[in-house]
Undergrad: 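Before I ask anything, let me first share the structure, which is written out below as structure tokens.
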Amino acid sequence: MIFGTILAGIRYQDRPAAYAVITNASGHTAAVKGRQHYFLPGGGSLPNETPEEPIHREVREELAREVQLLHKIGEAIQYFSAGEVYYRMNAVFYRAEFMSEPSGEGEHELHWLAPQAIAGQFFHQCHEWAIGIR
């Protein structure tokens, strides 16, 4: 799947990334909040990381928790900009579950979003798409 708009004449930087889709017993989805929008736990890959490694690293940094990856659920490309930089994000999504309570203070607060509260709330359209994969 491809999300976002490709603008003519723009040079896009490749950005590999991986995210966890975590739901609780009530069907709510785990998310972290940026300035205005939500993101799935996870983020950009560092050089030579496997797709699974950034999820573990980012969830520890963002939420001070450990996760278990259950299975890969899909991949998507998202075109977006952050300031003056344009990205072509290659995102890999995994179904996952938290393995621990917070082990300290994470960079972000954990938000549990109800299914009816998801549409239009995420910065990346591909995150909403991944949440909808069952």
Undergrad: To the nearest 0.5 Å, what is the distance between CG on Asn48 and CD on Glu53?
TA: 9.0 Å
Undergrad: Determine, using ring centers only, whether Tyr19 and His127 are less than 6.0 Å apart.
TA: yes
Undergrad: Taking Pro54's backbone N and O only, do any of them form a donor-acceptor pair with Ser45's side chain (distance below 3.5 Å, no angle check)?
TA: no
Undergrad: So does Leu70 get a backbone contact from the side chain of Glu97, meaning a donor-acceptor N/O pair under 3.5 Å?
TA: no
Undergrad: So, taking the atom named CG in Asn90 and the one named CD in Glu75, what distance separates them when rounded to the nearest 0.5 Å?
TA: 7.0 Å
Undergrad: Taking atom CG of Leu113 and atom CZ of Phe122, what is their separation to the nearest 0.5 Å?
TA: 5.0 Å
Undergrad: Mind checking whether Glu66 and Val59 have side chains closer than 4.5 Å, heavy atoms only?
TA: no
Undergrad: Quick one: does Gln125's side chain have a donor or acceptor within less than 3.5 Å of a partner on Gly4's backbone?
TA: yes
Undergrad: Side chains of Tyr86 and Gln13: any donor to acceptor distance under 3.5 Å?
TA: no
Undergrad: Can you tell me if Thr29 uses its side chain to pair, donor with acceptor, with the backbone of Thr23 under 3.5 Å?
TA: no
Undergrad: Is the shortest side-chain heavy-atom distance between Phe98 and Asn24 below 4.5 Å?
TA: no
Undergrad: Between the side chains of Glu109 and Lys33, is the shortest nitrogen-to-carboxylate-oxygen separation below 4.0 Å, so that they form an ion pair?
TA: no
Undergrad: Out of curiosity, Ile22 CD1 to Arg65 CZ, how far, rounded to the nearest 0.5 Å?
TA: 8.5 Å
Undergrad: Side chains of Ile131 and Leu40, heavy atoms from C-beta outward: is any pair under 4.5 Å?
TA: yes
Undergrad: If you round to the nearest 0.5 Å, how far is CD of Glu128 from CD1 of Ile133?
TA: 12.5 Å
Undergrad: Do the ring planes of His111 and Tyr38 sit parallel (below 30°), tilted (30 to 60°) or perpendicular (above 60°)?
TA: perpendicular
Undergrad: Is there a side-chain contact between Phe3 and Phe80 in this structure, where contact means two heavy atoms from C-beta onward sitting under 4.5 Å apart?
TA: no
Undergrad: Do Phe39 and His124 have their ring centres less than 6.0 Å from each other?
TA: yes
Undergrad: Are Ile55 and Met99 joined in one hydrophobic group, where the rule is that I, L, V, M, F, W and Y side chains link up if heavy atoms are under 4.5 Å apart?
TA: no
Undergrad: Should Ile2 and Trp129 be regarded as members of a common hydrophobic cluster, given that ILVMFWY residues are connected when their side-chain heavy atoms come within less than 4.5 Å of each other, either directly or indirectly?
TA: no
Undergrad: Please walk me through it: do Arg88 and Ile77 pass side chain to side chain contact (heavy atoms under 4.5 Å, CB included)?
TA: CA-CA 7 Å; Arg88 178 188 187 273; Ile77 295 170; 2.8 Å; yes
Undergrad: Step by step, would you call Cys126 with Met89 a side chain to side chain contact (heavy atoms under 4.5 Å, CB included)?
TA: CA-CA 10 Å; Cys126 65; Met89 179 174 68; 3.8 Å; yes
Undergrad: Is the closest side-chain heavy-atom distance between Leu69 and His56 below 4.5 Å?
TA: yes
Undergrad: Kindly say whether Pro41 contributes a backbone atom to a donor-acceptor pair with the side chain of Glu58 at under 3.5 angstrom?
TA: no
Undergrad: State which residue, out of Glu49, Glu62, Glu52, fulfils the salt bridge (charged side-chain N to carboxylate O under 4.0 Å, His left out) condition with Arg57.
TA: Glu49
Undergrad: Would a 4.5 Å heavy-atom cut-off, applied to side chains only, mark Phe93 and Lys72 as touching?
TA: no
Undergrad: What about Tyr79 and Tyr12, are their ring centers closer than 6.0 Å?
TA: yes
Undergrad: Contact between Val21 and Tyr94 at the side-chain level, heavy atoms closer than 4.5 Å - yes or no?
TA: no
Undergrad: From His108 NE2 over to Leu110 CG, what is the distance, rounded to the nearest 0.5 angstrom?
TA: 11.5 Å
